[in-house]
Amino acid sequence: MLTPRPARISAETLPEDWHPLVKNIYASRLARHDEIEKRLQNLLPPDDLTDLAPALDRLERALRTHEPILVYGDYDVDGATATALTVRVLRQLGANVDWFIPNRSAHGYGFSLAGLAALPTAPGLILTVDNGTSSHEAVAAARARGIDTLITDHHLPGDTLPDAVATINPNRRDCPFPGKNLAGVGVAFYLLLALRQHLRAQGRWPEQLRLTDHLDLVALGTIADLVPLDYNNRILVNHGLARIRSGQANTGIRALLAVANLEPAHLGAQDIAYSVAPRLNALGRLGDMSDGVALLLAEDWQTAQDYAQQSDEKNRDRKALENEAVQEAARQVSPALPLAAAYDPAWHEGIIGILAARLKSRFARPALVATDS
(Lines give C-alpha, C1' and ligand atoms only; values in the text may rest on other atoms or scores of the structure.)
Protein backbone atom coordinates (compact mmCIF):
# COMPACT_ATOMS: atom_id res chain seq x y z
CA MET A 1 0.00 0.00 0.00
CA LEU A 2 1.36 3.39 -1.04
CA THR A 3 1.99 5.95 1.69
CA PRO A 4 0.45 9.32 0.78
CA ARG A 5 2.76 12.29 0.57
CA PRO A 6 2.69 14.44 3.69
CA ALA A 7 1.02 17.82 3.30
CA ARG A 8 3.45 20.72 2.89
CA ILE A 9 0.79 23.39 3.27
CA SER A 10 -2.71 23.40 4.75
CA ALA A 11 -5.40 22.34 2.27
CA GLU A 12 -7.69 24.87 3.98
CA THR A 13 -5.71 27.75 2.43
CA LEU A 14 -6.67 26.62 -1.08
CA PRO A 15 -9.79 27.79 -2.96
CA GLU A 16 -13.05 26.58 -1.41
CA ASP A 17 -14.57 25.47 -4.71
CA TRP A 18 -11.76 22.95 -5.38
CA HIS A 19 -12.47 19.24 -4.96
CA PRO A 20 -10.97 17.86 -1.71
CA LEU A 21 -8.79 15.39 -3.66
CA VAL A 22 -7.34 18.23 -5.77
CA LYS A 23 -6.71 20.22 -2.60
CA ASN A 24 -4.83 17.33 -1.04
CA ILE A 25 -2.66 16.85 -4.14
CA TYR A 26 -1.74 20.53 -4.22
CA ALA A 27 -1.18 20.61 -0.46
CA SER A 28 1.37 17.80 -0.77
CA ARG A 29 3.27 19.42 -3.64
CA LEU A 30 3.33 23.19 -3.08
CA ALA A 31 5.82 24.88 -0.77
CA ARG A 32 3.52 27.91 -0.31
CA HIS A 33 -0.19 28.33 -0.93
CA ASP A 34 0.41 31.34 -3.22
CA GLU A 35 2.26 29.06 -5.69
CA ILE A 36 -1.10 28.33 -7.33
CA GLU A 37 -0.72 31.81 -8.84
CA LYS A 38 1.76 31.30 -11.67
CA ARG A 39 2.35 34.97 -12.41
CA LEU A 40 5.35 36.17 -14.40
CA GLN A 41 5.93 38.77 -11.71
CA ASN A 42 6.73 35.88 -9.35
CA LEU A 43 9.69 34.67 -11.41
CA LEU A 44 12.98 34.70 -9.57
CA PRO A 45 15.01 37.78 -10.53
CA PRO A 46 18.29 37.06 -12.37
CA ASP A 47 20.41 39.22 -10.05
CA ASP A 48 21.94 36.36 -8.04
CA LEU A 49 23.44 34.58 -11.05
CA THR A 50 27.21 34.48 -10.67
CA ASP A 51 29.26 36.17 -13.44
CA LEU A 52 26.29 38.23 -14.62
CA ALA A 53 28.19 41.56 -14.68
CA PRO A 54 31.07 40.44 -16.98
CA ALA A 55 28.59 38.55 -19.19
CA LEU A 56 26.41 41.62 -19.69
CA ASP A 57 29.40 43.90 -20.26
CA ARG A 58 30.77 41.57 -22.94
CA LEU A 59 27.42 41.16 -24.66
CA GLU A 60 26.80 44.91 -24.62
CA ARG A 61 30.20 45.56 -26.22
CA ALA A 62 29.46 43.04 -28.97
CA LEU A 63 26.08 44.68 -29.62
CA ARG A 64 27.51 48.20 -29.61
CA THR A 65 30.36 47.41 -32.03
CA HIS A 66 28.34 45.01 -34.21
CA GLU A 67 30.95 42.36 -33.48
CA PRO A 68 30.21 38.88 -34.89
CA ILE A 69 28.55 36.68 -32.25
CA LEU A 70 28.16 32.93 -32.70
CA VAL A 71 25.58 31.04 -30.63
CA TYR A 72 26.95 27.52 -30.09
CA GLY A 73 24.12 25.15 -29.22
CA ASP A 74 23.50 21.47 -28.59
CA TYR A 75 21.82 18.75 -30.64
CA ASP A 76 18.88 18.02 -28.32
CA VAL A 77 15.56 19.89 -27.99
CA ASP A 78 16.80 21.96 -25.06
CA GLY A 79 19.85 23.07 -27.04
CA ALA A 80 17.85 23.77 -30.20
CA THR A 81 15.24 25.89 -28.41
CA ALA A 82 17.96 27.76 -26.48
CA THR A 83 19.76 28.48 -29.75
CA ALA A 84 16.63 29.68 -31.52
CA LEU A 85 15.59 31.82 -28.55
CA THR A 86 18.97 33.52 -28.25
CA VAL A 87 19.41 34.09 -31.98
CA ARG A 88 15.88 35.51 -32.34
CA VAL A 89 16.29 37.99 -29.48
CA LEU A 90 19.82 39.09 -30.40
CA ARG A 91 18.73 39.66 -34.00
CA GLN A 92 15.88 41.82 -32.79
CA LEU A 93 18.48 43.83 -30.89
CA GLY A 94 20.38 44.37 -34.15
CA ALA A 95 23.22 41.96 -33.32
CA ASN A 96 25.53 40.48 -35.94
CA VAL A 97 24.72 36.92 -34.90
CA ASP A 98 25.03 33.45 -36.41
CA TRP A 99 24.66 29.98 -34.88
CA PHE A 100 26.20 26.52 -34.96
CA ILE A 101 24.93 23.12 -33.82
CA PRO A 102 27.55 20.35 -33.50
CA ASN A 103 26.89 17.05 -35.23
CA ARG A 104 26.69 14.12 -32.82
CA SER A 105 28.98 11.92 -34.94
CA ALA A 106 31.43 14.49 -36.29
CA HIS A 107 31.94 16.84 -33.35
CA GLY A 108 30.75 15.05 -30.22
CA TYR A 109 28.90 16.68 -27.36
CA GLY A 110 29.15 20.36 -26.48
CA PHE A 111 31.69 23.02 -27.35
CA SER A 112 34.60 20.89 -28.54
CA LEU A 113 37.87 21.28 -30.42
CA ALA A 114 36.26 19.54 -33.40
CA GLY A 115 33.31 21.91 -33.27
CA LEU A 116 35.59 24.95 -33.01
CA ALA A 117 37.57 23.76 -36.04
CA ALA A 118 34.33 23.32 -38.01
CA LEU A 119 33.12 26.89 -37.58
CA PRO A 120 32.78 28.50 -41.03
CA THR A 121 34.09 31.87 -39.82
CA ALA A 122 35.82 33.10 -36.67
CA PRO A 123 33.49 35.23 -34.54
CA GLY A 124 34.59 37.71 -31.92
CA LEU A 125 32.40 36.12 -29.27
CA ILE A 126 31.09 32.57 -28.87
CA LEU A 127 27.99 32.31 -26.70
CA THR A 128 27.28 28.73 -25.68
CA VAL A 129 23.78 27.61 -24.76
CA ASP A 130 23.01 24.34 -22.93
CA ASN A 131 26.70 23.38 -22.95
CA GLY A 132 30.19 24.63 -22.24
CA THR A 133 30.65 24.04 -18.51
CA SER A 134 33.16 21.24 -19.17
CA SER A 135 34.70 22.67 -22.37
CA HIS A 136 38.10 23.63 -20.98
CA GLU A 137 40.14 22.73 -24.08
CA ALA A 138 37.83 24.37 -26.60
CA VAL A 139 37.56 27.59 -24.57
CA ALA A 140 41.35 27.74 -24.24
CA ALA A 141 41.80 27.09 -27.97
CA ALA A 142 39.29 29.80 -28.82
CA ARG A 143 41.04 32.26 -26.53
CA ALA A 144 44.35 31.46 -28.26
CA ARG A 145 42.69 32.46 -31.53
CA GLY A 146 41.48 35.76 -30.03
CA ILE A 147 37.88 34.57 -29.56
CA ASP A 148 36.08 35.20 -26.27
CA THR A 149 33.64 32.63 -24.90
CA LEU A 150 30.55 33.33 -22.80
CA ILE A 151 29.04 30.15 -21.37
CA THR A 152 25.39 29.58 -20.45
CA ASP A 153 24.63 26.09 -19.21
CA HIS A 154 22.82 24.10 -16.53
CA HIS A 155 24.86 20.90 -16.36
CA LEU A 156 26.78 20.10 -13.20
CA PRO A 157 30.34 21.49 -13.25
CA GLY A 158 33.53 19.70 -12.33
CA ASP A 159 36.15 20.94 -9.90
CA THR A 160 37.14 23.82 -12.19
CA LEU A 161 35.46 25.97 -14.82
CA PRO A 162 36.78 26.88 -18.28
CA ASP A 163 38.68 30.15 -18.63
CA ALA A 164 35.71 31.93 -20.21
CA VAL A 165 34.70 35.59 -19.99
CA ALA A 166 31.77 34.41 -17.87
CA THR A 167 30.02 31.17 -16.99
CA ILE A 168 26.31 31.59 -16.28
CA ASN A 169 25.22 28.35 -14.66
CA PRO A 170 22.87 28.19 -11.64
CA ASN A 171 24.52 24.89 -10.65
CA ARG A 172 27.94 26.45 -10.13
CA ARG A 173 29.07 25.76 -6.59
CA ASP A 174 29.55 29.49 -5.97
CA CYS A 175 26.18 30.54 -7.47
CA PRO A 176 23.54 31.62 -4.91
CA PHE A 177 20.73 31.77 -7.50
CA PRO A 178 17.98 29.53 -6.05
CA GLY A 179 16.54 28.32 -9.40
CA LYS A 180 18.81 25.30 -9.75
CA ASN A 181 16.38 23.37 -11.97
CA LEU A 182 16.42 25.64 -15.02
CA ALA A 183 16.91 23.86 -18.35
CA GLY A 184 19.52 25.19 -20.76
CA VAL A 185 16.86 27.25 -22.53
CA GLY A 186 15.82 28.61 -19.13
CA VAL A 187 19.36 29.78 -18.39
CA ALA A 188 19.54 31.44 -21.82
CA PHE A 189 16.21 33.14 -21.12
CA TYR A 190 17.54 34.43 -17.80
CA LEU A 191 20.64 35.90 -19.45
CA LEU A 192 18.36 37.72 -21.90
CA LEU A 193 16.15 38.83 -18.99
CA ALA A 194 19.21 40.33 -17.31
CA LEU A 195 20.30 41.91 -20.60
CA ARG A 196 16.89 43.56 -20.92
CA GLN A 197 17.21 44.96 -17.42
CA HIS A 198 20.75 46.17 -18.20
CA LEU A 199 19.86 47.87 -21.50
CA ARG A 200 16.59 49.31 -20.19
CA ALA A 201 18.54 51.20 -17.55
CA GLN A 202 20.36 52.92 -20.44
CA GLY A 203 17.20 53.46 -22.48
CA ARG A 204 18.52 51.09 -25.16
CA TRP A 205 16.02 48.23 -25.03
CA PRO A 206 13.38 48.44 -27.78
CA GLU A 207 10.00 48.35 -26.02
CA GLN A 208 8.42 46.41 -28.88
CA LEU A 209 10.77 43.50 -28.05
CA ARG A 210 8.89 41.34 -25.55
CA LEU A 211 10.73 38.37 -24.11
CA THR A 212 7.38 36.83 -23.18
CA ASP A 213 6.74 36.37 -26.92
CA HIS A 214 9.39 33.62 -26.83
CA LEU A 215 8.16 31.66 -23.82
CA ASP A 216 6.77 28.97 -26.15
CA LEU A 217 10.38 28.04 -26.94
CA VAL A 218 11.25 28.05 -23.23
CA ALA A 219 8.30 25.77 -22.44
CA LEU A 220 9.19 23.33 -25.23
CA GLY A 221 12.84 23.02 -24.16
CA THR A 222 12.03 22.83 -20.45
CA ILE A 223 9.46 20.05 -20.85
CA ALA A 224 11.62 18.11 -23.32
CA ASP A 225 14.67 18.16 -21.02
CA LEU A 226 12.70 16.58 -18.15
CA VAL A 227 14.00 19.03 -15.55
CA PRO A 228 12.01 19.19 -12.29
CA LEU A 229 9.01 21.50 -12.63
CA ASP A 230 9.63 23.58 -9.53
CA TYR A 231 7.64 26.77 -9.02
CA ASN A 232 9.90 28.88 -11.22
CA ASN A 233 9.82 26.38 -14.09
CA ARG A 234 6.05 25.97 -13.73
CA ILE A 235 5.64 29.69 -14.30
CA LEU A 236 7.75 29.56 -17.47
CA VAL A 237 5.98 26.45 -18.78
CA ASN A 238 2.50 27.73 -17.89
CA HIS A 239 2.94 30.96 -19.84
CA GLY A 240 4.67 29.22 -22.74
CA LEU A 241 1.83 26.71 -23.09
CA ALA A 242 -0.71 29.53 -22.84
CA ARG A 243 0.97 31.26 -25.75
CA ILE A 244 0.83 28.09 -27.86
CA ARG A 245 -2.81 27.43 -26.96
CA SER A 246 -3.77 30.98 -27.96
CA GLY A 247 -2.45 30.40 -31.50
CA GLN A 248 0.51 32.78 -31.04
CA ALA A 249 3.23 30.16 -31.11
CA ASN A 250 6.44 30.26 -33.08
CA THR A 251 5.82 29.28 -36.72
CA GLY A 252 8.06 26.24 -36.38
CA ILE A 253 6.23 25.00 -33.30
CA ARG A 254 2.88 25.40 -35.08
CA ALA A 255 4.24 23.34 -37.96
CA LEU A 256 5.34 20.59 -35.56
CA LEU A 257 1.86 20.56 -34.02
CA ALA A 258 0.36 20.24 -37.50
CA VAL A 259 2.42 17.17 -38.49
CA ALA A 260 1.60 15.62 -35.10
CA ASN A 261 -2.13 16.30 -35.64
CA LEU A 262 -2.35 18.23 -32.38
CA GLU A 263 -4.87 20.98 -31.72
CA PRO A 264 -3.06 23.95 -30.14
CA ALA A 265 -6.07 25.04 -28.07
CA HIS A 266 -6.00 21.81 -26.06
CA LEU A 267 -2.24 21.28 -25.88
CA GLY A 268 -0.78 19.97 -22.62
CA ALA A 269 2.68 19.23 -21.30
CA GLN A 270 2.26 15.53 -22.12
CA ASP A 271 1.61 16.41 -25.78
CA ILE A 272 4.90 18.28 -25.83
CA ALA A 273 6.77 15.45 -24.09
CA TYR A 274 5.40 12.54 -26.14
CA SER A 275 4.52 14.01 -29.54
CA VAL A 276 6.26 17.33 -30.25
CA ALA A 277 9.67 16.94 -28.57
CA PRO A 278 10.41 13.45 -30.00
CA ARG A 279 9.84 14.72 -33.54
CA LEU A 280 12.26 17.59 -33.06
CA ASN A 281 14.71 15.42 -31.14
CA ALA A 282 14.77 12.86 -33.97
CA LEU A 283 16.65 15.37 -36.13
CA GLY A 284 19.50 15.42 -33.62
CA ARG A 285 19.47 11.65 -33.20
CA LEU A 286 19.35 10.53 -36.83
CA GLY A 287 20.00 13.69 -38.81
CA ASP A 288 21.26 17.19 -38.12
CA MET A 289 19.73 19.37 -35.41
CA SER A 290 20.73 22.40 -37.47
CA ASP A 291 17.53 21.63 -39.37
CA GLY A 292 15.66 21.75 -36.07
CA VAL A 293 17.01 25.21 -35.30
CA ALA A 294 16.19 26.33 -38.86
CA LEU A 295 12.63 25.08 -38.22
CA LEU A 296 12.35 27.15 -35.02
CA LEU A 297 13.80 30.20 -36.78
CA ALA A 298 11.54 29.87 -39.85
CA GLU A 299 9.28 32.84 -40.51
CA ASP A 300 7.22 31.54 -43.45
CA TRP A 301 4.79 28.65 -43.19
CA GLN A 302 6.04 26.66 -46.19
CA THR A 303 9.63 26.55 -44.91
CA ALA A 304 8.43 25.53 -41.45
CA GLN A 305 6.21 22.83 -42.93
CA ASP A 306 9.09 21.39 -44.96
CA TYR A 307 11.34 21.11 -41.91
CA ALA A 308 8.50 19.76 -39.74
CA GLN A 309 7.74 17.07 -42.31
CA GLN A 310 11.42 16.12 -42.33
CA SER A 311 11.38 15.83 -38.53
CA ASP A 312 8.27 13.64 -38.69
CA GLU A 313 9.96 11.29 -41.18
CA LYS A 314 13.10 11.08 -39.02
CA ASN A 315 10.94 10.29 -36.01
CA ARG A 316 9.29 7.39 -37.85
CA ASP A 317 12.75 6.12 -38.82
CA ARG A 318 13.86 6.45 -35.20
CA LYS A 319 10.88 4.42 -33.97
CA ALA A 320 11.55 1.64 -36.49
CA LEU A 321 15.25 1.44 -35.58
CA GLU A 322 14.44 1.57 -31.89
CA ASN A 323 11.78 -1.16 -31.97
CA GLU A 324 14.03 -3.52 -33.89
CA ALA A 325 17.02 -2.82 -31.65
CA VAL A 326 15.03 -3.20 -28.42
CA GLN A 327 13.99 -6.72 -29.38
CA GLU A 328 17.58 -7.72 -30.13
CA ALA A 329 18.91 -6.00 -27.00
CA ALA A 330 16.35 -7.75 -24.79
CA ARG A 331 17.47 -11.13 -26.15
CA GLN A 332 21.04 -10.35 -25.10
CA VAL A 333 20.23 -9.50 -21.47
CA SER A 334 21.34 -12.25 -19.12
CA PRO A 335 19.03 -12.93 -16.16
CA ALA A 336 22.09 -13.95 -14.14
CA LEU A 337 23.74 -10.51 -14.29
CA PRO A 338 22.86 -7.45 -12.17
CA LEU A 339 23.33 -5.26 -15.26
CA ALA A 340 21.15 -5.26 -18.38
CA ALA A 341 23.93 -5.16 -20.97
CA ALA A 342 23.65 -5.29 -24.77
CA TYR A 343 25.92 -4.61 -27.74
CA ASP A 344 25.63 -4.46 -31.51
CA PRO A 345 28.21 -2.82 -33.77
CA ALA A 346 25.50 -1.69 -36.21
CA TRP A 347 23.17 0.10 -33.80
CA HIS A 348 22.87 3.83 -34.52
CA GLU A 349 24.53 5.85 -31.78
CA GLY A 350 21.54 8.20 -31.78
CA ILE A 351 19.28 5.54 -30.27
CA ILE A 352 21.49 3.74 -27.74
CA GLY A 353 20.42 6.12 -24.96
CA ILE A 354 16.79 5.26 -25.64
CA LEU A 355 17.69 1.55 -25.74
CA ALA A 356 19.34 1.79 -22.34
CA ALA A 357 16.26 3.50 -20.89
CA ARG A 358 13.96 0.84 -22.36
CA LEU A 359 16.10 -1.99 -20.96
CA LYS A 360 16.28 -0.32 -17.56
CA SER A 361 12.48 -0.10 -17.41
CA ARG A 362 11.87 -3.61 -18.73
CA PHE A 363 14.37 -5.43 -16.49
CA ALA A 364 14.34 -3.08 -13.47
CA ARG A 365 18.12 -2.90 -13.28
CA PRO A 366 20.90 -0.56 -14.49
CA ALA A 367 21.51 -0.81 -18.23
CA LEU A 368 24.58 -0.54 -20.44
CA VAL A 369 24.24 -0.39 -24.23
CA ALA A 370 27.18 -0.09 -26.62
CA THR A 371 27.78 0.21 -30.35
CA ASP A 372 30.68 0.84 -32.73
CA SER A 373 28.96 3.31 -35.06
Side-chain angles (χ1 to χ4, degrees), residues 46 51-52 54-75 78-102 107 110-111 115-116 118-132 135 138-139 142-143 145-153 164-168 184-200 202 204-206 208-211 213-218 221 250-252 288-300 303-304 307:
D51 266 4
L52 206 51
L56 295 177
D57 287 345
R58 188 62 184 89
L59 260 182
E60 181 188 9
R61 174 153 63 92
L63 288 169
R64 188 175 61 250
T65 61
H66 211 58
E67 180 182 19
I69 303 171
L70 184 125
V71 178
Y72 194 109
D74 187 24
Y75 45 67
D78 189 17
T81 52
T83 301
L85 166 72
T86 307
V87 169
R88 279 185 171 276
V89 172
L90 290 181
R91 282 179 176 171
Q92 287 179 274
L93 287 170
N96 178 10
V97 60
D98 203 349
W99 53 274
F100 178 83
I101 299 291
H107 310 119
F111 182 35
L116 178 64
L119 298 183
T121 58
L125 174 65
I126 291 174
L127 171 56
T128 75
V129 291
D130 191 34
N131 72 95
S135 301
V139 170
R143 181 180 287 276
R145 292 173 55 183
I147 304 170
D148 286 339
T149 306
L150 197 173
I151 294 169
T152 71
D153 197 1
V165 170
T167 298
I168 307 297
V185 68
V187 179
F189 178 79
Y190 259 83
L191 176 63
L192 297 170
L193 202 61
L195 181 63
R196 182 186 68 173
Q197 182 177 296
H198 183 71
L199 294 181
R200 265 185 173 173
Q202 306 171 28
R204 295 179 52 219
W205 181 271
Q208 70 274 16
L209 173 48
R210 293 161 46 92
L211 290 181
D213 289 349
H214 303 287
L215 283 175
D216 50 353
L217 289 168
V218 179
N250 175 294
T251 304
D288 191 338
M289 188 52 95
S290 294
D291 292 333
V293 174
L295 165 64
L296 297 175
L297 291 174
E299 298 292 350
D300 67 281
T303 300
Y307 280 119

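Throughout, numbering of the chain's residues begins at 1 and tracks the sequence. Side chains included, hydrogens not; waters and symmetry mates left out as well; all remaining heavy atoms used.
Between the side chain of Y190 and the main chain of V185, no donor-acceptor pair closer than 3.5 Å is present. Under the 3.5 Å distance criterion, the side-chain polar atoms of H214 are left unmatched by any main-chain donor or acceptor of R88. Of the possible polar contacts, one joining the T128 side chain to the N131 backbone as a donor-acceptor pair under 3.5 Å is found. Looking only at distances, a side-chain donor or acceptor of S135 sits under 3.5 Å from a matching main-chain atom of F111. In this structure, the side chain of D51 does not engage the main chain of I168 through any donor-acceptor pair within 3.5 Å. When atom types are taken as modelled, the side chain of D148 and the backbone of L125 share no donor-acceptor pair closer than 3.5 angstrom. For D78 (side chain) and G184 (main-chain N/O), a donor-acceptor pair under 3.5 Å exists by modelled atom type. When atom types are taken as modelled, the side chain of D288 and the backbone of D291 share no donor-acceptor pair closer than 3.5 angstrom.
With contacts defined as side-chain heavy-atom distances shorter than 4.5 Å, the pair L127/L70 does not qualify. Between P68 and T121, the closest side-chain pair of non-hydrogen atoms is not below 4.5 Å. For the pair R210/R196, no side-chain contact is recorded, criterion being any heavy-atom separation below 4.5 Å from C-beta on. Under the 4.5 Å side-chain criterion, counting only non-hydrogen atoms from C-beta, T81 is not in contact with V218. With a 4.5 Å cut-off on side-chain heavy atoms, L297 and W99 count as touching. Between D98 and I69, the closest side-chain pair of non-hydrogen atoms is not below 4.5 Å. Side-chain contact check for L59 versus L150: some heavy-atom pair is nearer than 4.5 Å. At least one side-chain heavy atom of I126 sits less than 4.5 Å from a side-chain heavy atom of L119.
Atom NE2 in H198 sits 14.0 Å away from atom CG in L193 (nearest 0.5 Å). Taking OG1 of T251 as the reference point, atom CG of D300 lies at 8.0 Å (rounded to 0.5 Å). Rounded to the nearest 0.5 angstrom, R91 CZ and L209 CG are separated by 14.0 Å. Taking CG of N96 as the start and CG of L90 as the end, the distance is 10.5 Å to the nearest 0.5 Å. A distance of 5.5 Å separates CG in L195 from CH2 in W205, rounded to the nearest 0.5 Å.
The shortest non-hydrogen separation linking D74 to T83 is N-OG1, 4.4 Å. D153 and D130 make their closest contact through OD1-C, 3.3 Å (heavy atoms, listed as atom of the first residue, atom of the second, distance). Between V129 and A188, the shortest heavy-atom distance links the atoms CG1-CB, 4.2 Å. Nearest heavy-atom pair across L116 and A142 is CD2-N, 3.7 Å. The minimum heavy-atom distance between G73 and P102, with the atom names listed, is O-CD, 3.3 Å. Listed here is the closest heavy atom pair of M289 and Y75: CE-O, 3.5 Å.
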For this session: Test L56 against L199 for side-chain contact (heavy atoms from CB on, under 4.5 Å), laying out the working first.
Result: CA-CA 9 Å; L56 295 177; L199 294 181; over 6 Å; no
For this session: Any chance you could lay out the ring-ring contact (aromatic ring centres under 6.0 Å, His included) test for Y72 and H107, step after step, and finish with the verdict?
Result: CA-CA 12 Å; Y72 194 109; H107 310 119; 8.3 Å; no
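More than 12 heavy atoms of other residues, nucleotides or ligands lie within 6.0 Å of CZ in R204, so this atom counts as buried by the packing criterion.
Taking R143 as the reference, D163 meet the salt bridge (Lys or Arg N to Asp or Glu O under 4.0 Å) condition, with sequence neighbours excluded.
Checking E60 against Q202 by side-chain atom types alone, a donor-acceptor pair falls below 3.5 Å.
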